[in-house]
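Have a look at the structure below before the remarks.
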Amino acid sequence: MYGRTTMLPKMIARWAVAAIAVPLAIAAAKKVSDRMEARRGSTRATRLLRRGVSAAERMTGRKRRRFAW
């Protein structure tokens, strides 16, 4: 019975990380990449950040936002 009582809080913590922390990290990386690119132009670091964001979005199942303009 000891293992079952500690399992629920761990599951909730994992869910919180997956539902909150991962999308926040993706958004932060996207924003950092945009700001770096606006300042210095396209660099290896910005391309790498964008690739990482794209891969993370694919893994989490989130769709890319495309604007109408």
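Here, residue 1 is the first one in the sequence, and each next residue gets the next number. Excluded from the calculations below are hydrogen atoms, water molecules and symmetry mates; all remaining heavy atoms, backbone and side chain alike, are included.
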- List, by chain and then residue number, the residues other than V32 in its hydrophobic cluster (Ile/Leu/Val/Met/Phe/Trp/Tyr, side-chain heavy atoms under 4.5 Å); write none if there are no others. M36, L49
Hey, can you pull the donor-acceptor pairs under 3.5 Å for the side chains in residues 10-20, sequence neighbours left out?
none

- Query: With side chains defined as the heavy atoms from C-beta onward, is the minimum distance between R50 and K30 less than 4.5 Å?
  - Reply: no
- By side-chain contact (heavy atoms from CB on, under 4.5 Å), which residues pair with R47, not counting sequence neighbours? S42, R44
- Message: Any salt bridge linking D34 with R39? Criterion: basic side-chain nitrogen under 4.0 Å from a carboxylate oxygen.
- Response: no
